[in-house]
Protein chains: 2
Amino acid sequence: MAQTSKNPPRTPASAARRRSPLDRLLDPELFKALGDPTRLLLLACLCKCARECAVSEIGACCHVDLSVVSRHLATLERAGAVRSRREGRTVFYAARFDHLTSALRDLAVAIDHCAQCRPDSPGCDC
Amino acid sequence: MAQTSKNPPRTPASAARRRSPLDRLLDPELFKALGDPTRLLLLACLCKCARECAVSEIGACCHVDLSVVSRHLATLERAGAVRSRREGRTVFYAARFDHLTSALRDLAVAIDHCAQCRPDSPGCDC
DNA sequence: TGCTTGTTTGTGCCATGGTGCAAGTATTGC
DNA sequence: GCAATACTTGCACCATGGCACAAACAAGCA
């Protein structure tokens, strides 16, 4: 079998062609969702509260229109950072702790793996 | 002393007022830098190669102008994801493995901490 | 001093996206 | 049904940002 594919790629071009766990974990949607200060503030509030919070309640933590808060929360939900649940007229949002931490830790593991791979180290799947 | 400040915040509004490790770790600049697909591709290539790569070499891994690659690399460097070093005419970029993984792991730890804090659990600094 | 290579910076174009306001939808209570 | 509450969606405005092209800058070489 191709032993070469078990070593780190020699050039960025060959690295781009090769599939690795990194490609799945470096999710642009998640990082794009976390790239806005207002959204980070909302997410931080949900994490700190560590419970389900209503949209109107969450809106009190920053100075933007409630419609903007609603949109930001929807963006965070699409990215997998929070989940929502409707109860009557109220929609509750909560941080997805497990999903967030595993996404971060899995990525850290994948990056560590790349760092440890050397041209002469077998078993590399970077 | 204020025992209440040692419990999780009860509302998102009070959570926003409170300083916690999360506020420092949820860095918009880092996530904004990681929020673009082209930049993620460049970073992935640098991680997979696990060595210093020249700008022109890195440019071969995606189909955008070299000037765009240069700007993306500068953005990644400002965010702390990569470092650069000039050697003659050539500028070498490399992934900052330790910085990246510690940023991710520290954030995971802070989020975990929030998840475990309960209103009756003392010592909370979320 | 040119000439070449490697990279960055200036500029304009265009798409994306954050925002407020207003209108619409969903659900409950009277 | 009607009004009130809670949230979402439509829309217009504007700032940001990714992009290509061209020019400038940096460094080595003839």
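Order of the sequence lines sets the chain letters (A, B, ...), proteins ahead of strands, with each chain counted from 1.
Using a 4.0 Å cut-off on heavy atoms, the residues of residues 34-61 of chain B that approach DNA chain C are B/Ala54, B/Val55, B/Ser56, listed by number.
Ionic pairing of A/Glu57 and A/Arg51 is present here: one or more N-O contacts between side-chain nitrogen and carboxylate oxygen are shorter than 4.0 angstrom. Using a cutoff of 4.0 Å between basic side-chain nitrogens and carboxylate oxygens, A/Arg96 and A/Glu77 are not scored as salt-bridged. Salt-bridge formation is detected for the pair A/Asp112/B/Arg105: a Lys NZ or Arg NE/NH1/NH2 atom is positioned less than 4.0 Å from an Asp or Glu carboxylate oxygen.
Side-chain contact between B/Phe92 and B/Ser84 is absent, with no heavy-atom pair separated by less than 4.5 Å. Side-chain atoms of A/Leu22 and A/Leu107, non-hydrogen and from C-beta on, do get closer than 4.5 Å to each other.
Using a 4.0 Å heavy-atom cutoff across all strands shown, B/Val68 reaches at least one base atom of the nucleic acid.
Distance from the side chain of B/Arg89 is smallest for D/dA27 among the nucleotides D/dC21, C/dT7, D/dA27. Each of C/dA26, D/dT9, C/dT8 was ranked by its minimum atom distance to the side chain of A/Ser70; first place goes to D/dT9. Here D/dA27 is the nucleotide among D/dA20, D/dA27, D/dA4 with the atom lying nearest to any side-chain atom of B/Arg86. Comparing atom distances between the A/Val64 side chain and each of C/dG20, C/dT7, D/dA22 picks out C/dG20 as nearest.
A donor-acceptor pair under 3.5 Å links the side-chain atoms of A/Ser102 to the main chain of A/Asp98, judged by distance alone. Looking only at distances, a side-chain donor or acceptor of A/Arg39 sits under 3.5 Å from a matching main-chain atom of A/Lys32.
One finds a side-chain N or O of A/His72 lying less than 4.0 angstrom from the OP1 or OP2 phosphate oxygen of C/dT19. Contact between the side-chain N/O atoms of B/Tyr93 and the OP1/OP2 oxygens of C/dG6 is not found at any separation under 4.0 Å.
Rounded to whole angstrom, the span from the CG atom of B/Asp65 across to the P atom of C/dT11 amounts to 17 Å. Note: CG (A/Leu66) to P (C/dA22) measures 15 Å, nearest angstrom. Rounding to whole angstrom units, CZ of residue A/Arg85 and C1' of C/dT27 are separated by 15 Å. When the P atom of C/dT8 is taken as reference, atom CG of B/Leu73 falls 7 Å away, rounded to whole Å. Regarding A/Lys32, its NZ atom lies at a distance of 14 Å from the C1' atom of C/dG18, rounded to whole Å.
For the helix from C/dT1-D/dA30 to C/dC30-D/dG1, the rotation axes defined at the first and last 5 base pairs enclose an angle of 10°, given to the nearest 10°.
Counting distance only, with no hydrogens placed and no angle test, the side-chain atoms of B/Ser67 and the base atoms of D/dC21 include a donor-acceptor pair under 3.5 Å. Counting atom types as modelled, B/Arg71 pairs a side-chain N or O with a base atom of C/dG10 as donor and acceptor under 3.5 Å.
Other residues, nucleotides and ligands contribute only 12 or fewer heavy atoms inside 6.0 Å of the CZ atom of A/Arg19.
Atom-to-atom distance recorded for B/Leu73:CG and B/Leu42:CG is 5.5 Å, nearest 0.5 angstrom.
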